[in-house]
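Below: one structure, written as structure tokens.
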Amino acid sequence: MANFQQLETKVIIIGAGPAGAGTSFFLSKHQIPHIVIEKEIFPRDKVCGDACSGKTALVINRANPDWLTEILNDDERFMPSWGIKFVAPNGKALDIPFSPKRTEETKAPGFTVSRLVFDNFLFEKMASPYCTIMQGAEVNTIDNTGNGVSVLVKHQDTDFKITAPIIIGADGDKSMVRKKYLNENVAPKTYAVGLRAYYKGVTGMHADNFIELHFLPEMLPGYLWIFPLPNGMANVGVGILSERIREKKINLREQMLHAIKSNPQIAPRFANAKLEDKIQGWGLPLAIERQPLSGDNFMLTGDAAALIDPFSGEGIGNALYSGMLAAAAIKEAVEQRNYSSAFLKVAYDDVLYKRLGDEFKVSATLQRLCKYPWLFNFVVNKAYKSQSLRDTISCMFTDMDLREQLSKPSFYFKILFNR
Ligand SMILES: Cc1cc2nc3c(=O)[nH]c(=O)nc-3n(C[C@H](O)[C@H](O)[C@H](O)COP(=O)(O)OP(=O)(O)OC[C@H]3O[C@@H](n4cnc5c(N)ncnc54)[C@H](O)[C@@H]3O)c2cc1C
């Protein structure tokens, strides 16, 4: 018969991916005891493009600057990335550096790393006197207790009943916390679907490890990506809106393999490349419109909160960032002993949307614009000939006000008339 044990803590976190780890790092900084429950055993894989942006670096640096230094000095496992290559539907390529004014001292703004490695890196960094981790643990039920939550978990040969004033859903796209608290009350999430394949020996990569987005006409408003990884590996995949797959009855796997075999620009680069693992798919819950992120005694972070950038598909940075903001909100909630939905909405939802809401809106508009291949071709053709336009687009990666220009008709009129 299994043993039974009761535990009490300040915060229960379900899931130890970037969202859970991000929450845990900052709870430990705020000296708040918490228990992280994870169903897998690390290191574990996650289907992803494996590209980490400046936002990922920013949160890691805030959690502990030594961790970022460790990443930037470990080129066996982490590959620094200096820019992005856009390939327009007409096949024209545009190289956009992330740091147009790069000097000797400039650090790479982004990096690529397999999620097997990266998530395990984050997982190991959670170790702290304030953090208890149960991995390989199965959550059976989540119940409200009146003034908090209780979770029944089976871990090794013990059944635990864990109680806390608040629970954090960091349990990814198929979140059980979201299902329990939100699903009946909000519109379904807007989804994209992605496939990931690991190849060895893809040629023609940029010398500064630019990540590549190929906006092939048959995939708009989605794209095929080729992201270089250490040790001659590449993460290759496709991401596309679920509604488009349904509408056009697209077989995503066939479409990706067809592009790799037959696209005149892509195929020669795969002539001697070898598929190293099976092709795997997973959903991307997109941040298209504002949804509730919290309620009485709970908060959602990362994919459980549907925070993936609708244009780029970036979710790791937003998962870590939302974890950081969730921990700050919990600190206030603990101090004021207030875990009500009204309190958490102000302390968490409003803060998150104030920081990321504009970015989501701009990205949602850009995603819609990508439906029009002629517009994409037009911008890339112009930028191809104009250094100043290339510099403007380059700055858009770091400057949200500039990026917003991209989503406005006036931007295209200005390009049209060369202003
Ligand atoms: C094909 C594809 C490509 C992508 N490419 C990129 C990219 O290049 N860059 C980028 O930034 N983002 C990318 N994303 C998005 C990114 O993968 C996610 O946004 C990110 O993983 C979200 O982190 P998370 O911690 O919220 O969720 P996850 O990383 O999914 O972590 C959730 C964790 O919760 C655990 N869990 C789930 N249920 C339970 C349970 N009941 N009990 C206990 N534990 C549980 C899981 O085992 C998992 O460890 C991509 C996504 C896809 C599908």
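In each ligand, atom 1 is the first atom listed, and ligand 1 is the first ligand listed.
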Charged N to carboxylate O below 4.0 Å: is that the case for Lys85 and Asp95?
-> yes

Closest non-hydrogen protein atom to atom 45 (C) of ligand 1, residue and atom name please, with distance?
-> Lys39 CG, 3.7 Å

For ligand 1, which part of Ser53 has a heavy atom less than 4.0 Å away: the side chain, the backbone, both, or neither?
-> neither

Asp119 vs Phe42 side-chain heavy atoms within contact, under 4.5 Å = yes

Mind checking whether Leu325 and Tyr321 have side chains closer than 4.5 Å, heavy atoms only?
-> yes

Do Ala304 and ligand 1 have an N or O pair less than 3.5 Å apart?
-> no

Report yes or no: does Gly281 have a heavy atom closer than 4.0 Å to ligand 1?
-> no

Asp303 and ligand 1 - part of the residue with a heavy-atom distance under 4.0 Å | both

Strictly under 4.0 Å, does any heavy atom of Lys46 approach an atom of ligand 1?
-> yes

To the nearest 0.1 Å, how far is atom 29 (O) of ligand 1 from its closest protein heavy atom, and which atom is that?
-> Arg115 NH2, 3.0 Å

All N/O donor-acceptor pairs, side-chain side in residues 218-226, below 3.5 Å, sequence neighbours left out:
residue : atom : partner : partner atom : Å
Tyr223  : OH   : Ser312  : O            : 2.5
Trp225  : NE1  : Asn235  : OD1          : 2.8

For Lys174 and ligand 1, answer yes if some heavy atom of the residue is under 4.0 Å from a ligand atom, otherwise no.
-> no

Would you check whether Pro18 has a nitrogen or oxygen atom less than 3.5 angstrom from a nitrogen or oxygen atom of ligand 1?
-> yes

Please indicate whether Lys154 has more than 12 foreign heavy atoms, meaning atoms of other residues, nucleotides or ligands, lying under 6.0 Å from its NZ.
-> yes

Report yes or no: does a heavy atom of Gly239 sit under 4.0 Å from some atom of ligand 1?
-> no

Would Asp350 and Arg290 pass as an ion pair if we require N to O under 4.0 Å?
-> yes

Who's the nearest protein heavy-atom neighbour of atom 25 (O) of ligand 1, and how far?
-> Ala19 N, 2.9 Å

Would you mind checking which non-hydrogen protein atom is closest to atom 33 (C) of ligand 1, with the distance to 0.1 Å?
-> Glu38 OE1, 3.7 Å

Here the gap from Lys261 atom NZ to Ile266 atom CD1, rounded to the nearest 0.5 Å, amounts to 14.5 Å

Determine whether the side chain, the backbone, both or neither of Val139 has a heavy atom under 4.0 Å from any heavy atom of ligand 1.
-> side chain

Do any nitrogen or oxygen atoms of Gly49 come within less than 3.5 Å of a nitrogen or oxygen of ligand 1?
-> yes

Atom 10 (C) of ligand 1 sits nearest the protein heavy atom Gly315 N, 3.3 Å

Give a yes/no verdict on whether any heavy atom in Gly237 is under 4.0 Å from an atom of ligand 1.
-> no

Side-chain heavy atoms of Phe121 within contact of Asp74, under 4.5 Å = no

Is there a heavy atom of Arg44 sitting under 4.0 angstrom from any atom of ligand 1?
-> yes

Which residue supplies the protein heavy atom nearest to atom 9 (N) of ligand 1, what is that atom called, and how far is it?
-> Ala51 O, 2.8 Å

